[in-house]
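Here is the structure we will look at, set down as structure tokens.
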Amino acid sequence: MNTLIPIILSGGSGTRLWPLSREKYPKQLLPLINDDSLLQATVRRMDGLKGVQLSAPMIVCNEEYRFVIAEQLRIMDRKGSILLEPFGRNTAPALTLAALAALREGDDSILLVMPSDHVIMDVESFQAAVLAGMLQAMDGGIVTFGITPNAPETGYGYIQSGELIEQGKTAYQIARFVEKPDLSTAQTYLDAGNYLWNSGLFMMRASVWLSAIGKCRPDILIACQAAWDQGSADGDFLRVDKKAFEQCPSDSIDYAVMERIARQESDLPGGVVIPLTAGWSDIGAWSSLWQVLPKDDAGNVAKGDVLLNDCKNTLAISESRLVTCVGIENVIVVETPDAVLVVHKDKTQDVKLVVDMLKQQGRSEGKLHRKVFRPWGWYDGIDVGERFQVKRIVVKPGAALSLQMHHHRAEHWVVVRGTARVTRNKDVYLVSENESTYIPLGTSHRLENPGCVPLEMIEIQSGSYLGEDDIVRFEDIYGRKEH
């Protein structure tokens with residue numbers, strides 16, 4: 001029986017879903033549809049697949065997301081390997097690294113490549129398409145899944161399907177790939193009946209992909225091979241060599257290989273497209289999220305502490321306070337502790353322009369949430385002023401911050417729940433609930449939670465500079481060099 005490895009690509013930043021999605025905590029890590037994050041839902045998408053020897057998923061992601069992704073897998077009680085990219089180089093290098101990793105055991109498995117930020121409502125139909133794709137992948141083809149369109153969508157690229165490969169099978173030759181069209185062209189594609197939305201879902205044997213990328217983009221294969229050969233394994237984390245991978249060109253699976261396959265260039269494997277009707281969405285903008293969420297009789301979606309009056313076709317999301325909307329239509333309202341977005345549904349693609357403005361102004365709201373996750377827990381910036389800031393810190397049971405020192409700030413710690421073990425220079429002592437301690441400027445220190453309940457505390461920082469980069473690490477159990 002052929003082994004199938006789910007390869008989950010988790011590199012996007014999701015700027016069009018700001019302010020919920022941020023560069024340091026993008027949309028695939030968020031529970032936008034239900035209690036699962038989009039990444040967790042992608043992992044579960046293979047549950048119950050019959051007739052297949054299914055391996056644990058391999059998640060390809062940026063190093064910055066490694067601890068959050070590992071924690072989300074742990075919450076699910078799932079095993080999986082996490083392949084870390086030092087830099088984003090688009091999907092073709094990511095898949096090349098995954099294929100090299102899949103072959104490390106010598107088994108030429110079939111790879112099912114899935115973006116981590118898509119929604120598929122009809123899992124049964126999706127799994128049926130996967131089984132159909134496996135037959136083509138086992139024969140040496142490179143398979144993509146095209147979404148059956150239900151509207152003249154201008155936000156997606158299209159795949160034109162060609163000849164039926166075999167009577168009775170739902171697989172077609174790929175005639176061509178086309179870029180995102182204008183509205184009139186999209187309507188002609190819809191009317192033609194043989195154009196499908198390009199989903200970004202692929203399937204092939206690991207060796208078939210490596211052969212194809214080697215013929216189409218040997219520079220990508222050479223750089224990825226060098227990065228893989230000089231890499232290392234760190235528990236469930238697979239690390240590639242940073243210097244070698246930095247030399248890798250950036251390219252997508254479509255541009256690097258699939259478009260050349262569609263042109264039927266010699267010595268390349270056959271290209272196959274399988275139509276998919278499974279309630280798919282790439283959640284590329286707030287309007288896409290509104291479309292897939294359940295609505296009231298007026299077409300409204302409300303999440304969190306929201307009150308709506310005389311509203312239509314509106315999405316309102318509250319994270320931290322009451323949001324009220326009166327007499328609005330076709331509007332998106334998203335509230336977070338540090339930012340509020342109000343945008344017309346027709347303009348949701350332009351939210352990324354706001355993120356660009358934030359970056360140009362050097363504002364942190366484009367990158368970070370007020371609540372920041374770390375491998376040991378999280379902190380929330382409660383208040384900030386001239387020469388001081390206040391944070392709420394939660395440390396997981398058994399976790400510890402690095403042994404560190406700050407050049408420009410002192411810290412006061414007040415424990416409000418649990419017990420803290422504090423290292424201050426050579427002294428080690430416990431701080432219990434309703435007790436406090438002081439860490440002078442320039443003092444080496446460490447905070448640990450030795451207990452079995454979360455440690456919650458308030459930290460007051462004071463000094464001339466309060467940035468997160470004011471840190472010198474001496475020891476860190478998570479292998480970090482920066483905060």
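The analysis underlying the following values was restricted to heavy atoms, covering all of them including side chains, and did not include hydrogens, waters or symmetry mates. Small disclaimer: the values here were computed from a predicted structure and weren't measured.
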query = Are Lys371 and Asp380 close enough for a salt bridge, meaning some N to O gap below 4.0 Å?
reply = no

inquiry  = With a 6.0 Å cut-off (strictly less than), is the heavy-atom count around CZ of Phe373, excluding the residue itself, greater than 12?
reply    = yes

Any donor-acceptor N/O pair, Arg239 side chain to Gly231 backbone, under 3.5 Å = no

request  = Would you check if the side chain of Asn449 reaches a backbone N or O of Gly398 as a donor-acceptor pair within less than 3.5 Å?
outcome  = no

inquiry  = For a 4.5 angstrom cut-off between non-hydrogen side-chain atoms, does Cys216 reach Leu268?
reply    = yes

query = To the nearest 0.5 Å, what is the distance between CE (Met405) and CG (Asp470)?
reply = 8.5 Å

ask   = Can a donor-acceptor pair be found between the side chains of Asp346 and Asn330 at a distance below 3.5 Å?
value = no

query = When rounded to the nearest 0.5 angstrom, what is the spacing between CD in Gln53 and CG in Asp107?
reply = 7.5 Å

ask   = Quick one: does Lys27's side chain have a donor or acceptor within less than 3.5 Å of a partner on Ile283's backbone?
value = yes

ask   = Between the main-chain N or O of Leu196 and the side-chain N or O of Gln160, is there a donor-acceptor pair closer than 3.5 Å?
value = no

key: Minimum side-chain heavy-atom gap Leu201-Thr144 below 4.5 Å   = no

request  = Take Asp251 and Asn90 through the test side chain to side chain contact (heavy atoms under 4.5 Å, CB included) and record every step on the way to the result.
outcome  = CA-CA 5 Å; Asp251 206 352; Asn90 215 319; 5.5 Å; no

task = Before accepting this row, confirm whether a basic side-chain N of the pair Asp241/Lys243 lies closer than 4.0 Å to the acidic partner's carboxylate O.
result = no

ask   = Is Arg78 paired with Asp47 through a side-chain N to carboxylate O contact shorter than 4.0 Å?
value = yes

Asp35 atom CG: more than 12 heavy-atom contacts under 6.0 Å = no

message = Taking CZ in Arg363 as the centre, count heavy atoms belonging to other residues, nucleotides or ligands within less than 6.0 Å. Is the count above 12?
response = no

message = Does atom CD (Gln361) have a neighbourhood of more than 12 heavy atoms from anything else shown, all under 6.0 Å?
response = yes

inquiry  = Can a side-chain donor-acceptor contact be found between Tyr156 and Asp282 if the only test is distance below 3.5 angstrom?
reply    = yes

ask   = Do Arg473 and Ser402 have a side chain donor and acceptor closer than 3.5 Å?
value = yes

task = Tell me yes or no: between the side chains of Ser281 and Gln291, is some donor less than 3.5 Å from an acceptor?
result = no

query = Is a side-chain donor or acceptor of Glu365 paired with a backbone partner of Asp338 at a separation under 3.5 angstrom?
reply = no

ask   = Just checking, is any N or O donor in the side chain of Gln404 or Arg446 under 3.5 Å from an acceptor N or O on the other one?
value = no

task = Any chance you could lay out the side chain to side chain donor-acceptor pair (under 3.5 Å) test for Ser109 and Thr3, step after step, and finish with the verdict?
result = CA-CA 5 Å; Ser109 300; Thr3 302; 4.6 Å; no

ask   = Given the rule in the salt bridge (Lys or Arg N to Asp or Glu O under 4.0 Å) test, do Lys50 and Glu124 qualify, once you have shown the distances and angles that lead to the verdict?
value = CA-CA 11 Å; Lys50 294 182 171 59; Glu124 185 176 343; over 6 Å; no

request  = Enter the distance from Met121:CE to Phe126:CZ here, rounded to the nearest 0.5 Å.
outcome  = 14.5 Å

message = Whether Lys345 engages the ring of Trp290 as a cation-pi pair (distance to the six-membered ring centre under 6.0 angstrom, angle to the ring normal within 45°) should be assessed.
response = yes

task = Please check if the side chain of Gln230 supplies one atom and the backbone of Val240 the other of a donor-acceptor pair under 3.5 Å.
result = no

message = Just verifying a value: how many Å separate Asp122 CG and Gln127 CD, rounded to the nearest 0.5 Å?
response = 9.5 Å

inquiry  = Walk me through whether Ile253 and Leu95 qualify under side chain to side chain contact (heavy atoms under 4.5 Å, CB included).
reply    = CA-CA 8 Å; Ile253 294 170; Leu95 176 52; 3.7 Å; yes

message = Before you tell me yes or no, could you show the steps for Lys180 and Glu153 under salt bridge (Lys or Arg N to Asp or Glu O under 4.0 Å), namely the whole-Å CA-CA distance, both residues' side-chain angles and the distance that decides it to 0.1 Å?
response = CA-CA 8 Å; Lys180 297 175 182 178; Glu153 176 61 56; over 6 Å; no

ask   = Should Val43 and Met76 count as side-chain neighbours, where that means a heavy-atom distance under 4.5 Å?
value = yes

ask   = Any donor and acceptor pair, going by atom type alone, linking the side chain of Ser211 with main-chain N or O of Ser207 inside 3.5 Å?
value = no

ask   = Taking the six-membered ring for Trp, are Phe245 and Phe87 parallel (under 30°), tilted (30 to 60°) or perpendicular (over 60°)?
value = parallel

remark   = For Ser161 and Tyr172, the nearest pair of non-hydrogen atoms, with its separation, is CB-CB, 3.9 Å

ask   = Per the salt bridge (Lys or Arg N to Asp or Glu O under 4.0 Å) rule, which among Lys391, Arg392, Lys396 passes with Glu456?
value = Arg392

key: CA sep, side-chain torsions, deciding dist, call: Trp18, Val354, side chain to side chain contact (heavy atoms under 4.5 Å, CB included)   = CA-CA 9 Å; Trp18 183 88; Val354 175; 4.1 Å; yes

key: More than 12 heavy atoms of other groups within 6.0 Å of Met138 CE   = yes

ask   = So Gln187 and Asp191, side chain to side chain donor-acceptor pair (under 3.5 Å) or not? Walk me through it.
value = CA-CA 6 Å; Gln187 186 63 54; Asp191 295 340; 2.9 Å; yes

ask   = When you look at Ser199 and Trp280, which way does the side chain to side chain donor-acceptor pair (under 3.5 Å) test go after all the steps?
value = CA-CA 8 Å; Ser199 69; Trp280 172 91; 5.2 Å; no

query = Do the side chains of Tyr189 and Pro152 get nearer than 4.5 Å, heavy atoms only?
reply = no

ask   = Is it true that a side-chain atom of Glu319 and a backbone atom of Pro337 form a donor plus acceptor pair closer than 3.5 Å?
value = no

query = Between the side chains of Arg176 and Tyr195, does any donor sit under 3.5 Å from an acceptor?
reply = yes

task = Would you give the length of the straight line joining atom OH of Tyr65 to atom OG of Ser116, rounded to the nearest 0.5 angstrom?
result = 9.5 Å

key: Lys295 NZ: over 12 foreign heavy atoms closer than 6.0 Å   = yes

ask   = Can you tell me if Asp182 uses its side chain to pair, donor with acceptor, with the backbone of Thr185 under 3.5 Å?
value = yes

ask   = Is the number of heavy atoms from other residues, nucleotides or ligands within 6.0 Å of NZ (Lys215) greater than 12?
value = yes

query = Could you go step by step and tell me if Gln72 and Leu39 meet the side chain to side chain contact (heavy atoms under 4.5 Å, CB included) rule?
reply = CA-CA 8 Å; Gln72 291 198 355; Leu39 172 70; 3.8 Å; yes

inquiry  = Run the side chain to side chain donor-acceptor pair (under 3.5 Å) test on Arg22 and Thr336 for me, step by step, so that the C-alpha distance in whole Å, both residues' side-chain angles and the decisive distance to 0.1 Å come before the verdict.
reply    = CA-CA 12 Å; Arg22 314 249 177 136; Thr336 68; 3.2 Å; yes

ask   = What residue among Leu17, Leu38, Leu32 forms side chain to side chain contact (heavy atoms under 4.5 Å, CB included) with Asp117?
value = Leu38

query = Got a donor-acceptor contact below 3.5 angstrom from the Lys303 side chain to the Val301 backbone?
reply = no

inquiry  = On a heavy-atom basis, which atom in Trp209 and which in Ala99 lie closest, and how many Å separate them?
reply    = CD1-CB, 4.1 Å

query = If you measure from CG on Leu54 to CG on Leu49, what distance do you get to the nearest 0.5 Å?
reply = 6.0 Å

